[in-house]
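A short write-up of the structure that comes next.
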Amino acid sequence: MIGYILTLEQKNAIQGQFYSEWQVFSCALDVNNIWFIVLSEQDESEIINTEYNWVLNLPKGEYIPPTI
């Protein structure tokens, strides 16, 4: 799964914040302790006109979920 890579500071800035009336950012830590946000094309189209549009310029990488 491809997602946007976040620093800890970026994660803290957006975690739990609404980017639309009903949708919030939900960041996830991967197996390598890297923070990610995974967005659909619809999410991206809603974010582009918000104060959080900078997220769309972050580098992308493969999110690998942690093992249980």
Side-chain angles (χ1 to χ4, degrees):
M1 181 180 319
I2 302 299
Y4 292 93
I5 299 170
L6 301 162
T7 65
L8 180 59
E9 292 79 18
Q10 292 166 329
K11 175 260 187 192
N12 289 339
I14 66 170
Q15 181 71 21
Q17 297 297 313
F18 283 88
Y19 60 86
S20 75
E21 187 176 349
W22 304 103
Q23 296 169 299
V24 298
F25 287 107
S26 180
C27 305
L29 195 60
D30 85 341
V31 70
N32 297 309
N33 290 322
I34 299 172
W35 285 103
F36 279 85
I37 186 78
V38 178
L39 302 169
S40 69
E41 287 182 17
Q42 181 179 353
D43 294 330
E44 291 173 345
S45 69
E46 292 188 30
I47 292 168
I48 200 159
N49 294 318
T50 71
E51 66 185 284
Y52 302 108
N53 60 6
W54 55 267
V55 169
L56 303 176
N57 294 318
L58 294 172
K60 291 183 177 182
E62 185 172 354
Y63 170 77
I64 303 169
T67 55
I68 298 175

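- Listed here is the closest heavy atom pair of M1 and V38: SD-CG1, 3.6 Å.
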For residues 52-59, run the donor-acceptor check on the side chains, cut-off 3.5 Å, and write out each pair with its distance to 0.1 Å, sequence neighbours left out.
unit_1: Y52; atom_1: OH; unit_2: Q17; atom_2: OE1; d: 3.3
unit_1: N53; atom_1: ND2; unit_2: I48; atom_2: O; d: 3.4

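- In this structure, CD1 on I2 lies 8.0 Å from NZ on K60, to the nearest 0.5 angstrom.
- Atom-to-atom distance recorded for I34:CD1 and N32:CG is 5.0 Å, nearest 0.5 angstrom.
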Donor-acceptor pairs are to be reported for all side-chain atoms of residues 22-29 against protein atoms at under 3.5 Å, with residues two or more places apart or in another chain.
unit_1: Q23; atom_1: OE1; unit_2: S20; atom_2: OG; d: 3.0
unit_1: Q23; atom_1: NE2; unit_2: D43; atom_2: OD1; d: 3.3

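- Considering CD1 of I47 and OH of Y4, their distance stands at 8.0 Å, rounded to 0.5 Å.
- Residues passing the ring pair (Phe, Tyr, Trp, His ring centres under 6.0 Å) test with Y63, sequence neighbours excluded: F36.
- Taking CG of L8 as the reference point, atom CD of Q15 lies at 11.0 Å (rounded to 0.5 Å).
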request  = Run the numbers on E9 and N12 for side chain to side chain contact (heavy atoms under 4.5 Å, CB included), then give the verdict.
outcome  = CA-CA 5 Å; E9 292 79 18; N12 289 339; 5.7 Å; no
